[in-house]
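One structure is given below, encoded as structure tokens.
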Amino acid sequence: MNCGKARERISDYLDGRLSEEHLSEFELHIRGCAECAGELDEMRRMVTALRSLAVPRAPIDLWPQVREGIRTAENLIPIWGIFARPVFMAPVLAVAAAVAVMLILPQPKPLPEKPIKLSASEYRHYLTEHMRFQKRMFVDPEVSFIAVELDRANSRAKDE
Amino acid sequence: MLKVAEAQIPAHHLLAWKHWMTEQTDQAVVKKVLAGDTDEFSTLVNRYQDRIYSVALNYVSNPDDAMDVAQETFLKAYSNLGRFDSASAFYTWLYRIAVNTAIDFLRKRKSRPADSLDDEKYTEVGFEPESKDRAIDPEEVAAQREQAQILRKAISMLSDKLRTVIILHDVEGLSQEEVADILKIPLGTVKSRVSRARAELRRILRKTMGDAV
């Protein structure tokens, strides 16, 4: 093992992550190389010193401040958390999507009301048939009105 | 009796069992909070506040800012508890929030001048002797504080990715597997980042501080 390879493996060696084969090669190299042994020693001291940076205790007023933050922000947030779950949100989102689609899609326009134009003969035919129907069904109290209309139409046809 | 029992169980099994027990409790607490027992959230805060504050302090290098980051971490966790995937470990989820919150905080802070590492507040926490019974050597304490300041300044010069693995793995002592879970990256990536981060940190320390460490 050369020095470059040995230095690459210093970190894994310190973490105890070298395979048996690499471990014996590494230790053999370190025993014979003062420079790499010095590198290993420096790295080991640095890693040990890093561990001392961990703070053993948080300030005692952390929880009271968190509690105050929770109260100030919104007490019902966890409830929202529950409702944010798919089982609750899926139907809500489905309805919302349907409403959105209904609002976005173009609505069918009502058909324009076109006045029906009938010729004189067609009008007479309509009146005749309509009067017959009304007489047969005994439903129209204004059959006389239709009869008058029909007479007028017939006389107009004679005049023409 | 306990020693006998522990000796008969392989160490990694014991750790896994303790971990499982903790996780069960975490999941149960999360369920209670989601069910409306919001005061139960204090259990989770009490359980993880030391670790989260430590991570925060090692990112931002200032006790006041660390307090803000830790507080924001727990508030985010509280408000997003409904999105927590109960199949994963709660603490890895919490660490992830803390890391993202701290990095966001640092990005925002870039717009204002960096706090001095000589700030008196900086030395208020974290470096006092672990036990009051231990004989206190003022020179040793001062040397430890200076060393911590140098190291934190060097860590602050790393990129976000390298800084994160150094803080989680080397400072907080989390395993590479745990770091991979927290950052959602492959184990091999964590391993190479740890190696690169240490080499880079060593280079920075040599360049800026000499052989102080």
Side-chain angles (χ1 to χ4, degrees), chain A residues 4-19 22 36 38-89, chain B residues 33-36 38-39 41-42 45-46 49-58 63 66-67 70-75 78-84 125-128 130 144 147-148 150-152 155 166-167 169-173 175-176 191 194-199 201-202 205-206 211 213:
Chain A
K5 211 69 183 166
R7 288 180 193 192
E8 274 178 23
R9 290 178 178 164
I10 284 178
S11 185
D12 284 346
Y13 174 76
L14 290 173
D15 291 334
R17 286 183 173 268
L18 284 184
S19 67
H22 288 158
C36 285
E39 280 288 326
L40 172 63
D41 188 47
E42 280 184 19
M43 190 67 92
R44 183 186 280 125
R45 279 193 292 140
M46 186 187 79
V47 171
T48 306
L50 283 171
R51 193 71 187 95
S52 73
L53 292 183
V55 182
R57 287 179 302 277
I60 54 168
D61 55 340
L62 179 56
W63 164 240
Q65 288 196 24
V66 171
R67 187 178 53 200
E68 192 57 34
I70 290 171
R71 283 179 181 166
T72 308
E74 194 175 4
N75 283 329
L76 292 175
I77 283 172
I79 303 299
W80 283 111
I82 296 170
F83 287 114
R85 286 176 172 179
V87 66
F88 289 103
M89 285 309 288
Chain B
V33 177
L34 287 174
T38 52
D39 286 343
F41 192 67
S42 67
V45 175
N46 287 329
Q49 62 179 354
D50 294 342
R51 301 277 46 85
I52 295 303
Y53 178 76
S54 182
V55 168
L57 184 62
N58 282 295
M67 191 72 166
Q71 195 181 336
E72 196 179 334
T73 298
F74 283 113
L75 285 174
Y78 180 81
S79 58
N80 290 292
L81 210 54
R83 294 182 198 168
F84 166 63
V125 289
F127 305 106
E128 59 268 43
E130 288 180 9
Q144 281 177 355
Q147 176 183 276
I150 290 167
L151 277 172
R152 282 212 174 103
I155 290 172
I166 280 286
I167 291 174
H169 184 261
D170 283 351
V171 178
E172 294 303 316
S175 71
Q176 293 187 2
K191 190 175 157 182
V194 168
S195 181
R196 274 168 44 216
R198 285 171 175 170
L201 195 61
R202 185 79 205 119
L205 287 168
R206 275 185 176 157
D211 276 338
V213 180

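Values in this document were obtained by computation on a predicted structure and should not be read as measured data. Per chain, numbering begins at 1; letters A, B, ... match sequence-line order.
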| field | Residues A:R44, A:Y13; criterion side-chain contact (heavy atoms from CB on, under 4.5 Å); working and verdict | value | CA-CA 10 Å; A:R44 183 186 280 125; A:Y13 174 76; 3.9 Å; yes
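A salt bridge between A:E42 and A:R45 is absent, with no side-chain N of the basic residue lying under 4.0 Å from a carboxylate O of the acidic one.
For chain B, the nearby part of A:E8 is the backbone; its heavy atoms alone come within less than 4.5 Å.
Classified by interplanar angle (parallel below 30°, tilted 30° to 60°, perpendicular above 60°), the ring pair B:F41/A:W63 is tilted.
Each of B:D170, B:V45, B:I166, B:I52 has some count of heavy-atom pairs under 4.5 Å with chain A, and the biggest count is that of B:D170. Per-residue counts of heavy-atom pairs under 4.5 Å with chain B were compared for A:V47, A:D15, A:D12, A:I10; the largest is that of A:D15. Here B:Q176 is the residue among B:E72, B:Q176, B:R51, B:Q49 with the most heavy-atom pairs under 4.5 Å with chain A.
Partners of A:D61 by side chain to side chain donor-acceptor pair (under 3.5 Å), not counting sequence neighbours, listed by chain and number: A:Q65.
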